[in-house]
Amino acid sequence: MKNIQLNIPVEVVDFNELSDADRQLVELAREATFRSYAPYSHFCVGAAIALDNGEIVVGSNQENVAYPSGTCAERSACFYAGARYPDAKFLTIAIAARDTDGEFVDRPIAPCGACRQALLENELRAGHDVRVILTGKDQLYILPSVRSTLPFAFTEF
Ligand code: THU
């Protein structure tokens, strides 16, 4: 028997340590939370994706009374990017959330498994790492790739 260990590098930064481009992306993700439709969970998530054609696409969670029919912010941004700019490659995604009290979450939230898988598809399509910025009120986590958020991804087998 042998053990293997997987390590995920996470950069923990303050908002004011971000580059101008990353700061703008985070602001857009935060803004997008105000366009979320979350009458059931009251948890508002926003995502902003920077593309290699210079465009930024945003998305927010859109719920439905038939709960599984709703979509997370990350996938709404991800699929919108594919529908609007099919040839553009993803560079970075920023994700923000406001809790049921309406305030931005203190600690960063991470995309659900389904969103990680959908984002990974776009990382593979891009042919390079897509950075992931998870935002809390003060501290942010920067991950170097979608792949790093999804060890043992389906595509590996
Ligand atoms: N949600 C997202 O939009 N992204 C995530 O990464 C996790 C959860 C949404 C789904 C649902 O509308 C609400 O947050 C509560 O789970």
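Numbering starts at 1 and runs along the sequence shown. Because the structure is predicted, anything quoted here is derived from the model rather than measured.
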message: Looking at every heavy atom in both A29 and A94, which two are closest together, and how far apart are they?
response: CB-O, 3.5 Å
field: Residue list, side-chain contact (heavy atoms from CB on, under 4.5 Å) with S60, at least two apart or on another chain
entry: R35, S36, Q62
field: Other ILVMFWY residues reachable from F104 by side-chain steps of under 4.5 Å
entry: F34
Sequence-distant partners of Y85, side-chain hydrogen bond (donor to acceptor under 3.5 Å, both in side chains), two or more places apart: E55
task: Go through the structure and list residues passing side-chain hydrogen bond (donor to acceptor under 3.5 Å, both in side chains) with T92, not counting sequence neighbours.
output: R131
query: Does some side-chain heavy atom of I8 sit less than 4.5 Å from a side-chain heavy atom of L143?
result: yes
- line: Rounded to the nearest 0.5 Å, the CG atom of L28 sits from the CZ atom of R23 at a distance of 13.5 Å
statement: Shortest non-hydrogen pair, T135 vs V105, comes out as O-CG2, 3.9 Å
field: Hphob cluster co-occupancy, I93 + V58, side-chain heavy atoms under 4.5 angstrom
entry: no
query: So do V12 and I142 actually touch side chain to side chain, heavy atoms under 4.5 Å?
result: no
query: Once you round to the nearest 0.5 Å, how far does CZ of F90 lie from CG of L119?
result: 6.5 Å
- request: Would you sort out whether N64 and Y40 count as a side-chain contact (heavy atoms from CB on, under 4.5 Å), showing the intermediate values?
  value: CA-CA 8 Å; N64 189 274; Y40 305 106; 5.6 Å; no
task: Hey, could you give me the CG/CD1 distance between L140 and I95, rounded to the nearest 0.5 Å?
output: 11.5 Å
message: Is there a side-chain contact between F43 and I109 in this structure, where contact means two heavy atoms from C-beta onward sitting under 4.5 Å apart?
response: yes
query: Can you check side-chain contact (heavy atoms from CB on, under 4.5 Å) on C78 and C115, steps first, answer last?
result: CA-CA 9 Å; C78 177; C115 287; over 6 Å; no
statement: To the nearest 0.5 Å, atom OG of S145 lies from atom CG of L120 at 8.5 Å
- prompt: What pairs of residues pass the salt bridge (Lys or Arg N to Asp or Glu O under 4.0 Å) test when at least one of them lies in residues 1-11, not counting sequence neighbours?
  reply: none
task: With the side chain counted from C-beta on, respond yes when Y141 and V13 share a heavy-atom pair under 4.5 Å apart, and no when they do not.
output: no
- prompt: Taking only residues two or more places apart in sequence or in another chain, which ones pass ring-ring contact (aromatic ring centres under 6.0 Å, His included) with F79?
  reply: none
query: What residues form a salt bridge (charged side-chain N to carboxylate O under 4.0 Å, His left out) with D87, not counting sequence neighbours?
result: none
- prompt: For the residue pair V57 and A77, what are the closest heavy atoms and their distance?
  reply: CG2-O, 3.8 Å
message: Minimum heavy-atom separation for A110 and R116, please, with both atom names.
response: CB-NH2, 3.4 Å
statement: Here the salt bridge (Lys or Arg N to Asp or Glu O under 4.0 Å) pairs for residues 133-145, sequence neighbours left out, are D106-K137
- request: Find the distance between SG (C44) and CG (N61) and round it off to the nearest 0.5 Å.
  value: 6.0 Å
- request: Grab the two heavy atoms, one from P111 and one from L134, that are nearest each other, plus how far apart they are.
  value: CD-CD2, 3.8 Å
field: Listed partners of K89 passing side-chain hydrogen bond (donor to acceptor under 3.5 Å, both in side chains), at least two apart
entry: none
message: If we ignore hydrogens and angles and just use 3.5 Å, is the side chain of D101 paired with the main-chain N or O of E103 as donor and acceptor?
response: yes
Side-chain H-bond candidate by donor/acceptor type, R98 with T33, under 3.5 Å: yes
Spatial distance of atom CG (D20) from atom CG (L25) [nearest 0.5 Å]: 12.5 Å
- prompt: side-chain contact (heavy atoms from CB on, under 4.5 Å) with P39: which residues, sequence neighbours excluded?
  reply: Y37, E63
- line: Residues A81 and L51: closest non-hydrogen pair is CB-CD2, 4.3 Å
- prompt: Can you name the residues that form a side-chain hydrogen bond (donor to acceptor under 3.5 Å, both in side chains) with D14, not counting sequence neighbours?
  reply: none
task: Please assess H42 against D99 for the test side-chain contact (heavy atoms from CB on, under 4.5 Å), listing each intermediate value before the final yes or no.
output: CA-CA 7 Å; H42 303 285; D99 217 332; over 6 Å; no
query: Do you reckon I56 sits in the same ILVMFWY cluster as V26, going by side-chain contacts under 4.5 Å, direct or chained?
result: no
query: Could you give all pairs that pass the side-chain hydrogen bond (donor to acceptor under 3.5 Å, both in side chains) test and reach residues 71-84, with sequence neighbours left out?
result: none
